Amino acid sequence: MGTSIELYAGNVSLSYSKNHMGIDYGFLFQDGDLIRRKSESIDYEYYEENPELKYEVEKAEEAFARALYRIIPRLNILGHTLDAARAEYNSLIAEAEEISNEIDTDESKKEYLTFEEFCHLACRYPLSELKKDYIEYDTQDRDTISQGRLATDVELFDRVPWPGGSDLYWSEASYLSSRVCVLSAESMLQVFAQNTENSDVEVNWEFGPIVHAGWVQREAFRAGALQKQKVLIATEGTSDTRIIQRALQILRPDVADFFNFVDVDERHPYWGTGNLVKFAEGLLRIEVLNQVLFVFDNDAEGVDALRKFENLNSPTNMRAMLLPDLDEFREFVTLGPEGVSNSDINGRAAAIECYLDLHLDQYPPAQVTWSNFKKDIDAWHGILDYKESYSKNFHEQSDNDLLDGSYNVSKLLKLIDTLIQEAGLVTPII
């Protein structure tokens, strides 16, 4: 007998293990995804007869569940992208063709589905519409009945490279699982997400039964990014850290747990661009293995610091970025020796405060004042007037203000999305 644990998308099984945890899928979820769900493996009559043991039911019904569209950003940041799924599928084809060349020399070669055709087949019907009712083995024409609507595509399913999975099925959902789920669970989630009707389908990992049966300890099941999957964000100053940290938590909460920040409650340990580069040099000397992303302001000093960082020849786990160039900064009011004019402040004066809402009633329109000339990069460096006021105004906003349009977060969103993209792991590490 024993107890199984499966990861489902709707009613389609993506991964299966028996009597052990199998792959840890906790990283797909966050703490708020913990739910309770009735399970066929629980003898509810027994607990009705023994009410003093009902506390066991609560643990036995535990599961993590999350909508598919909220899992995709978590996959992308780990490198489990649609392109990675395509590469995995093409590797299966190459492996199948190699085996075919060795044993089927006298037979015509099978024409496998392209990745795009494979995705179309997998997404032919929304996952929520697939029937899951068990068809008994003694039912006449059981195989065809179990396949349901998918029976019309049997020839296409035969063109999927099949890495020796199970050919047992008893419903539409289980048939699709047995014939299409030939890739890793992460890749199959990307494939199923290609059908927008699957966006809200529930991805479910029911671990309560296997814990209740005693095969795995409850402590093994934790939601959230693993430590090795997290990225340390290192910035030039306290203001940068606090703005980025809050923006992630409010505007991109589905991936916020992938980021760690240096504790700046007291003071920033390496304030300024020069010290940030020195911090990078120190990490290089001790060969730190964590993922680290250094974030420099998009101003002249930041450009100079990024150039120095690039000369360090850092490993792939240590990367650096400038705050992104924005069209809004190409015609920005500036004050210099020749008076007031409109200038492109990208790469010259776009500190993080420039990405905030710059409309404050008590101040004149936002303006950058040119301060000093950086010979190394042949550019003037500028500073946003009243920049601390813009930062203070941002932190005074409620979460709802940042989400409902009361506060303009368009530039901040571009910054955060660029940071998330830059922070994405080069290769999946699960």
Side-chain angles (χ1 to χ4, degrees), residues 25-34 64-82 84 186 189-190 193 196 199-200 203 223-235 238-262 264 290-298 319-326 328 350 352-357 390-391 393-426 428-429:
Y25 290 111
F27 70 92
L28 295 177
F29 308 94
Q30 291 177 302
D31 289 337
D33 298 326
L34 182 64
F64 291 127
R66 189 181 187 89
L68 177 57
Y69 81 92
R70 296 187 61 203
I71 280 181
I72 295 303
R74 300 180 68 77
L75 293 175
N76 289 337
I77 200 171
L78 291 172
H80 294 297
T81 62
L82 185 63
E186 296 88 349
L189 288 171
Q190 286 283 6
T196 57
S199 295
D200 292 321
V203 178
L226 300 174
Q227 186 58 45
K228 64 181 179 180
Q229 296 170 334
K230 295 186 177 184
V231 179
L232 175 65
I233 301 297
T235 68
T238 300
S239 179
D240 302 63
T241 294
R242 288 176 175 165
I243 289 172
I244 292 173
Q245 191 170 23
R246 186 174 187 219
L248 278 168
Q249 292 170 347
I250 304 304
L251 303 178
R252 292 292 182 258
D254 287 342
V255 296
D257 56 310
F258 283 101
F259 297 91
N260 282 332
F261 295 83
V262 176
V264 295
N290 300 77
Q291 300 281 328
V292 185
L293 178 64
F294 296 89
V295 181
F296 296 102
D297 284 345
N298 187 13
R319 285 159 286 165
M321 62 169 281
L322 290 176
L323 300 182
D325 285 0
L326 296 183
E328 293 94 324
I352 196 166
E353 290 83 5
C354 293
Y355 296 81
L356 304 177
D357 190 336
Y390 297 113
S391 177
N393 179 58
F394 167 73
H395 290 296
E396 288 175 347
Q397 304 301 311
S398 69
D399 293 354
N400 288 335
D401 290 335
L402 298 180
L403 293 171
D404 66 9
S406 301
Y407 183 92
N408 186 354
V409 296
S410 60
K411 291 179 292 180
L412 193 56
L413 269 174
K414 293 174 184 176
L415 185 162
I416 292 302
D417 287 342
T418 300
L419 182 145
I420 291 172
Q421 183 177 1
E422 291 291 332
L425 303 182
V426 178
I429 53 170

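Here the structure is a predicted model, which means the values were calculated and not measured.
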message = Under the criterion side-chain contact (heavy atoms from CB on, under 4.5 Å), I'd like the reasoning laid out for Phe258 against Leu248: C-alpha separation, chi angles, the key distance, then a yes or no.
response = CA-CA 10 Å; Phe258 283 101; Leu248 278 168; over 6 Å; no
By salt bridge (charged side-chain N to carboxylate O under 4.0 Å, His left out), Asp417 pairs with (sequence neighbours left out) Arg252
By side-chain contact (heavy atoms from CB on, under 4.5 Å), Asn393 pairs with (sequence neighbours left out) Leu360, Glu396, Gln397, Tyr407
Test log, rule side-chain contact (heavy atoms from CB on, under 4.5 Å), inputs Ile233 and Gln245: CA-CA 9 Å; Ile233 301 297; Gln245 191 170 23; over 6 Å; no
Exercise. Can you tell if the side chain of Ile250 reaches within under 4.5 Å of the side chain of Leu403, non-hydrogen atoms only?
Worked result: yes
For Arg246, the side chain to side chain donor-acceptor pair (under 3.5 Å) test, sequence neighbours excluded, returns Asp399
Using a 4.5 Å cut-off on heavy atoms from C-beta on, say whether the side chain of Arg66 contacts that of Leu28.
-> no
All heavy atoms of Leu189 vs all of Ile72, minimum pair found to be O-CD1, 3.9 Å
ring-ring contact (aromatic ring centres under 6.0 Å, His included) filter on Tyr390, not counting sequence neighbours, yields none
Whether the side chain of Arg319 engages the backbone of Glu422 through a donor-acceptor N/O pair (distance < 3.5 Å, no angle test) should be reported. yes
With sequence neighbours left out, the residues meeting side-chain contact (heavy atoms from CB on, under 4.5 Å) with Ile243 are Ser239, Ile352, Leu356, Ser391, Phe394, His395, Leu412
Sorted by chain and residue number, the side chain to side chain donor-acceptor pair (under 3.5 Å) partners of Asp257 (sequence neighbours excluded) come out as Gln30, Arg74
Note to self: Using side-chain contact (heavy atoms from CB on, under 4.5 Å), reason through Leu34 and Phe64 one step at a time and then give a plain yes or no.
What the structure shows: CA-CA 5 Å; Leu34 182 64; Phe64 291 127; 3.8 Å; yes
### Query
Does a side-chain heavy-atom distance below 4.5 Å link Leu293 with Phe259?
no
Check: Leu322 and Val295 side chains under 4.5 Å, non-hydrogen atoms | no
Check the surroundings of atom CD in Gln249: do more than 12 heavy atoms from other residues, nucleotides or ligands lie under 6.0 Å from it?
yes
dist Tyr25:OH -> Ile71:CD1 (nearest 0.5 Å) comes out at 11.5 Å
Across all chains, not counting sequence neighbours, the side chain to side chain donor-acceptor pair (under 3.5 Å) partners of Asn408 are Ser410
Is any side-chain heavy atom of Ile416 closer than 4.5 Å to one of Ile244?
yes
The side chain to side chain donor-acceptor pair (under 3.5 Å) partners of Lys411 (sequence neighbours excluded) come to none
ask   = Do Gln190 and Asn76 have side-chain atoms, one donor and one acceptor, less than 3.5 Å apart?
value = yes
Residues Leu323 and Ala350: closest non-hydrogen pair is CD1-O, 4.1 Å
Hits for ring-ring contact (aromatic ring centres under 6.0 Å, His included) against Phe296, two or more places apart or cross-chain, chain-then-number order -> none
From the list Ile77, Val231, Leu415, side-chain contact (heavy atoms from CB on, under 4.5 Å) with Ile420 holds only for Ile77
Tell me if a side-chain donor or acceptor on Glu186 pairs with a main-chain N or O of Leu75 at a distance below 3.5 Å. no
In terms of heavy-atom contacts, Phe29 and Val203 come closest through CE2-O, 3.5 Å
Rounding to 0.5 Å, atoms CG (Asp240) and OH (Tyr355) come to a distance of 10.5 Å
For Ser406, the side-chain contact (heavy atoms from CB on, under 4.5 Å) test, sequence neighbours excluded, returns Asp401, Asp404
Value for CD (Gln229) from CD (Gln291), rounded to nearest 0.5 Å, stands at 10.5 Å
